[in-house]
Amino acid sequence: MEKKPYYITTPIYYPSGNWHIGHCYTTVICDALARFHRMLGEEVFFLTGTDEHGQKVEREAKNRGVTPMQFIDPLIAEMKDMWKLLDISYSRFIRTTDPDHVAAVQNIYRRLYESGDIYKAEYSGWYCTPCESFWTESQLVGGKCPDCGRPVVEQKEESYFFRLSKYAPALMKLYREKPSFLQPASRINEMVNNFLKPGLQDLCVSRTTVKWGIPLPFDPDHCAYVWIDALSNYISALGYASADEGLYRKFWPADLHMVGKEIVRFHAIVWPAILMALGEPLPEQIYGHGWLLIGGEKLSKSKQNAKPELTDPYELVKRYGCDAVRYFLLREIPFGSDGEYTGERFLNRINADLANDLGNLVSRTTAMIGQYFGGILPARGEAEGTDGELIALAEGLFGRVQRAMDALNVPAALAEIFGVVSRANKYIDETVPWILAKDESKRPRLGAVLYHLAETIRICAVLLKPFLPRASARILESFSQKTDEGFESVSSFGGLKGGEETKKLPPLFPRMDIAKELAQMQKLAEADRGKKSGAEQPAAESASGGRQDALPEIGIEDFAKVQIRVGEVVACERVKKSEKLLHETVKVGDELRSVVSGIAKFYTPEEMIGKKVLLVVNLKPAKLCGVLSEGMILCAEDGAGNLVLLSPEKPIESGASVR
Ligand code: ME8
């Protein structure tokens, strides 16, 4: 019987460039699932890509004086390199700037407009720029974005709306009748209690303030809202609404959209409603996974504290190998929950499971076959003693792994495999082959023991392929086995026939001295942080112990790197728990910036509102006392540390550049 094709997607990533190991989590899980289904003999389409439109990219590019494409192209190249390093076997890498995607999004808007599900009206709401999300007044938490806690700005404009409210009853019914649609189950409660029960409002799906987006076909002054643009990638990638819908007919509906828990809302409410409006089938399942945490907070490079952890995936893969990074991600985080990342956990996990358990088993077994049988695998021989237990465990392994994978429980699947690896190591201790080797009459028994070990290793290696593709191939090659086969050979014990040439494998994963390695990780993490935040280092400190007059001379080209513009303070408040800091919202041209400055001792929030200030706009954003700062207000400081604001000497519009 022909197998049903399997379609799995990751979210499409923002091209931030600040990649960390948390970003790799979703994609590595999807890759393991995609590989697993391919080995089951299914035709798999595995989609990933980048989410490139919107205000953030537009603004970053502008700050750097380049076009959005010039800004993002190198970041996309970096991301593709990262996926290559991690052996990610995607079928397509979609970019939302790809012409076929743009055309599909325009067709989707056109269809929804023509069917009346998109209409025009005046919009007023609260926008969180970093999250690219609109919120209603009642959804704000303490006046801030409920997702990231950052300030939001009020926006009013004529916009197009999607009739999301119309689909609330259908969504309720979906959750009631098909709970498997959204997993883990706790996420259903979140959606129902936080969004559906309070009542869905129609969604604003166009922008006039953002130019870096897909123009609406029926009103090109408006651009598509980035989330509709982004979600559409799951069908545009298959040719939906194009002249050739072959892939769409074959693979849609998706079997699985794997997403981080913070974006479940878009996938489990907005996306099915759009599909319902288009009259298209819904995906089978959305899975909202947890986060990698550092110190209890979502891992993100900018949030690292005084003792940074090494989170750069390039460095981690370069130093420990692709399989080690994949293994940590797939095994350590309880599926569906959050999990803490530290260098120490990473090293302990790799040492314990990969170097000690798996590595040892393979190197001991291949060494003994070399030493006692000249590198030729002995025939199976009679089973006795605990052989039966090992054989039964190995034979039933595929079934147990498959059950875990069907439940998307990747850590449980790996735990099953490593359970058998541990049992095989124990079997070596029980059968003591080096003692058997001393007695010629025990040679048949020695052969049988080594065969049982080799066959158990083979079954584990085949099953490890979706998770650790490289280690799996090396193990199989050392037993002269093909590396490109599916799971046909793992349900019964006896795939190895005896007589196979067996090469001794050097350690697959060298054992590490954790203390030494941690020190090394720390150095790399500090170097990485220095590299990433060079712009934030106070120049005075590094140059001359803080004496401003001793700074080295700079050329005009150095000065030209600093972009200063006139801004107007439109809102201001004290930063909680800080005596020094004020949090201003500064309007620079059309744009609103969140800025934190150390002037609370010299100005009250009321005094600040309405002031024209000079703002360094291309300073790397940073968080001060947990509040995002996207620029620096210029002040003059006297010898006693008193500060006064610098302002334009005559009235001039906000946004004007300072030269
Ligand atoms: O959300 N732990 O993109 P993104 C685990 N463009 N996963 C993490 C993580 C962490 N610390 N940090 C990030 C977007 N991720 C949108 C998606 S889809 C139509 C549009 C995961 O670059 C995050 O949960 O912010 C998400 O699944 C993925 O990285 C991309 O996040």
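Remember, it's 1-based here, ligands and their atoms both numbered in the order they're listed.
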Enquirer: Which atoms of ligand 1 are found less than 4.0 Å from any heavy atom of I263?
Expert: 1 (O), 17 (C)
Enquirer: Donor-acceptor pair, H23 side chain versus H20 backbone, under 3.5 Å?
Expert: yes
Enquirer: Going through the distances and angles, do Y320 and F346 end up as a ring pair (Phe, Tyr, Trp, His ring centres under 6.0 Å)?
Expert: CA-CA 10 Å; Y320 306 105; F346 176 85; 5.3 Å; yes
Enquirer: Can you tell me which residue and heavy atom of the protein come closest to atom 3 (O) of ligand 1, and the distance to 0.1 Å?
Expert: Y14 CD1, 3.4 Å
Enquirer: Determine whether F335 and L408 make a side-chain contact, defined as any pair of heavy atoms from C-beta on separated by less than 4.5 Å.
Expert: yes
Enquirer: Taking the six-membered ring where the residue is Trp, are the ring centres of Y13 and W83 under 6.0 Å apart?
Expert: yes
Enquirer: For the ring pair F46 and Y90, is the centre-to-centre distance below 6.0 Å?
Expert: no
Enquirer: Heavy atoms only, cut-off 4.0 Å: how does M258 contact ligand 1, side chain, backbone, both, or neither?
Expert: neither
Enquirer: Please determine which of F218, Y119, Y109 meets the ring-ring contact (aromatic ring centres under 6.0 Å, His included) test together with Y160.
Expert: F218
Enquirer: What residue and heavy atom of the protein are closest to atom 2 (N) of ligand 1, and at what distance?
Expert: L292 N, 2.9 Å
Enquirer: Which of the atoms in ligand 1, numbered in the order shown and given with their element, are less than 4.0 Å from a heavy-atom of D51?
Expert: 6 (N), 16 (C), 20 (C)
Enquirer: Identify the closest protein heavy atom to atom 17 (C) of ligand 1: which residue and atom is it, and at what distance?
Expert: I12 O, 3.2 Å
Enquirer: Checking side-chain polar atoms at under 3.5 Å, does T311 have a donor or acceptor matched by the opposite partner on E309?
Expert: no
Enquirer: Starting from atom 13 (C) of ligand 1, find the nearest protein heavy-atom neighbour and note its residue, name and distance.
Expert: H23 CD2, 3.8 Å
Enquirer: Tell me which part of Y234 gets within contact of ligand 1: side chain, backbone, both or neither, using heavy atoms under 4.0 Å.
Expert: side chain
Enquirer: Does some non-hydrogen atom of F266 fall short of 4.0 Å from ligand 1?
Expert: no
Enquirer: Which ligand 1 atoms, with their elements, are less than 4.0 angstrom from a heavy-atom of A230?
Expert: 19 (C)
Enquirer: Under 4.0 Å from any heavy atom of L299, which atoms of ligand 1 are there?
Expert: 11 (N)
Enquirer: Check whether the side chains of Q139 and W126 place a donor and an acceptor atom closer than 3.5 Å, and report yes or no.
Expert: no
Enquirer: For atom 24 (O) of ligand 1, what's the nearest protein heavy atom and its distance?
Expert: E262 OE2, 2.9 Å
Enquirer: Examine ligand 1 and decide if any of its atoms is less than 4.0 Å from a heavy atom belonging to H20.
Expert: yes
Enquirer: Just one of K250, R38, K4 clears the side chain to side chain donor-acceptor pair (under 3.5 Å) bar with E43, so which one?
Expert: K250
Enquirer: Which option out of P130, G260, G22 puts a heavy atom nearest to atom 15 (N) of ligand 1?
Expert: G22
Enquirer: Of the protein's non-hydrogen atoms, which lies at the shortest distance from atom 29 (O) of ligand 1, and what is that distance?
Expert: Y13 CE2, 3.5 Å
Enquirer: Just need the protein heavy atom nearest to atom 26 (C) of ligand 1, so name the residue and atom and give the distance.
Expert: P11 CG, 3.8 Å
Enquirer: With heavy atoms of T26 as the reference, note each atom of ligand 1 found under 4.0 Å away.
Expert: 21 (C), 27 (O), 28 (C), 29 (O)
Enquirer: For a 4.5 angstrom cut-off between non-hydrogen side-chain atoms, does W291 reach E262?
Expert: yes
Enquirer: Which atoms of ligand 1 sit under 4.0 Å from any heavy atom of H267?
Expert: 18 (S), 19 (C)
Enquirer: Does a side-chain N-to-carboxylate-O contact under 4.0 Å join R326 and D31?
Expert: yes
